[in-house]
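Everything on this sheet refers to the single structure shown next.
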Protein chains: 2
Amino acid sequence: MIKNADPIAALRIETPPATLREMALERMRRAIISGVFEPGTRLVERTLCDQLGVSRSVIREVIRHLEAEGLVEMLAKQGPIVARLEWDDARQIYEIRAALESTAVADCARVADEKVKAELRQSLNELDRTSQQNSPLGILDATTSFYRTIFHAGGHTIAWDIVTRLNSRISRLRVMTLSTPNRTTSGPSQIREIFARIEKNEPEAAAAACRAHVKAAAAIAESIIGVDVT
Amino acid sequence: MIKNADPIAALRIETPPATLREMALERMRRAIISGVFEPGTRLVERTLCDQLGVSRSVIREVIRHLEAEGLVEMLAKQGPIVARLEWDDARQIYEIRAALESTAVADCARVADEKVKAELRQSLNELDRTSQQNSPLGILDATTSFYRTIFHAGGHTIAWDIVTRLNSRISRLRVMTLSTPNRTTSGPSQIREIFARIEKNEPEAAAAACRAHVKAAAAIAESIIGVDVT
DNA sequence: GCCTGTATGATGGTATACCATAAGACCGAA
DNA sequence: TTCGGTCTTATGGTATACCATCATACAGGC
């Protein structure tokens, strides 16, 4: 690391990112993603004020943010609700993920050095651990960190933002997908395949493996929710 | 069209989308995209209140939305500024566009019927007209409508949202790119190539043409702003 | 009994008031 | 002249007040 090349920068006092709004945003987002608020649930502003202990200004600004993220929908004359997810949207999201992730994986395979590979290996171990424990949330975290490493290694920070946002929109679906019995075993093996190709620096093969992985996830998702999930 | 199969639906009174916030959002977005507010410009809330004639609540919620869109950055303890665009970000955006647009183009080429092709042809005519007039903004509109048709024909509505949002972040760059002399001629010809492949329903060739088009745009953009645009 | 009109309460849209803080101007002393 | 301190003010963060509107419930007439 070359971090201490600039010791002066290290002196900077970190401003606590602790505006009420940011905290509320984080809580709300997690609440929606983790399913505390079901899709379609009305988000009554004054109620949220009580629940989060902040004023309506804060709540409303948070809702604007979540709206732009696609996690919240505004019904005219009725206010915000947790966005519903139609299968067609989910299908598209999986397609986009396939495109972005396979591109990132390929680039990662091109440039991956030992350091990156070590990080990936660590995520894989975490993945093994969590999938043996049959912990969907843990698997999700491990998978996330695996892909985060890949995207950042290839310099795809913006694509990573997009993927993160898309994933939050299908989070419930992902958890359900991960709970599928055969997924618990096939998922990790597919990810291992991606890593194997990256390790050998084979961009095309890695990308193909990645596309297969996403495609499999999409297929399982479709089989679970079939036509629509409200 | 089977529209009048349900004449009752036609009775529905369209709710005017006219909340102050939505109007303000639209104005602000256009102002930023069209360059009325330069990148880095501070967006002082009270000033905007006067300029738009609305209250701070509205302005702040609009800023939250634009922040989530990536058009506005928040500086801690300083407030919002118009997002700056680093070349690396622009580079990534062009890459993502290449991935999403080529996928959409390929799908469009697979399913395009006469109706879609007619729409595309119309956009192309518009493109010719505007590029002869040397009107960058007109060219942008025509190109946008060309791609919108493509994305919607293939059912890529979410990808279209993403691309739209990404494009707004590099809008200034796009206008500058379009003003380049050789771009004025090469751009339309590349788009015509894409259309020609779609017309013949050749997905692979269409996608390749699309990638070439985006790549060329990115190259010109890079040559213009080189290392960074603040 | 059902339909219609009305009243009331809940809710979102909008505006404004208050506060803490940080940046900049100003001033005085070494 | 320059450094340090203080004061002012601009600004964002937060809370609250007010209003228009919509949904629900209820009452009355056919």
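These values consider heavy atoms only, across backbone and side chains, with no hydrogens, waters or symmetry-generated copies.
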For B:R91, which residues count as a salt bridge (Lys or Arg N to Asp or Glu O under 4.0 Å) partner, sequence neighbours excluded?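 Salt bridge (Lys or Arg N to Asp or Glu O under 4.0 Å) list for B:R91, sorted by chain: B:D88, B:E95.
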
Go along nucleotides 7-15 of chain D 5' to 3' and tag each nucleotide: B for a protein heavy atom under 4.0 Å from its base, S when only backbone or sugar atoms are that close, - otherwise. ----BBBBB

Any side-chain donor-acceptor pair under 3.5 Å between B:T157 and A:Q92?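 Judged by distance alone, the side chains do pair up.
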
Can you confirm whether the side chains of B:S135 and B:T130 place a donor and an acceptor under 3.5 Å from each other?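 Absent: no donor and acceptor within the cut-off.
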
Between C1' of C:dT16 and CD1 of B:I59, the distance in whole Å: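 Computing the B:I59:CD1 to C:dT16:C1' distance gives 15 Å.
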
Would you check if B:I63 and B:M74 make a side-chain contact, meaning some heavy-atom pair closer than 4.5 Å?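 Counting from C-beta outward, B:I63 and B:M74 do come under 4.5 Å.
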
Can you list everything that forms a side-chain contact (heavy atoms from CB on, under 4.5 Å) with A:E119? Sequence neighbours excluded, please.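 In terms of side-chain contact (heavy atoms from CB on, under 4.5 Å), with neighbours along the sequence ignored, A:E119 is linked to A:K115, A:T149.
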
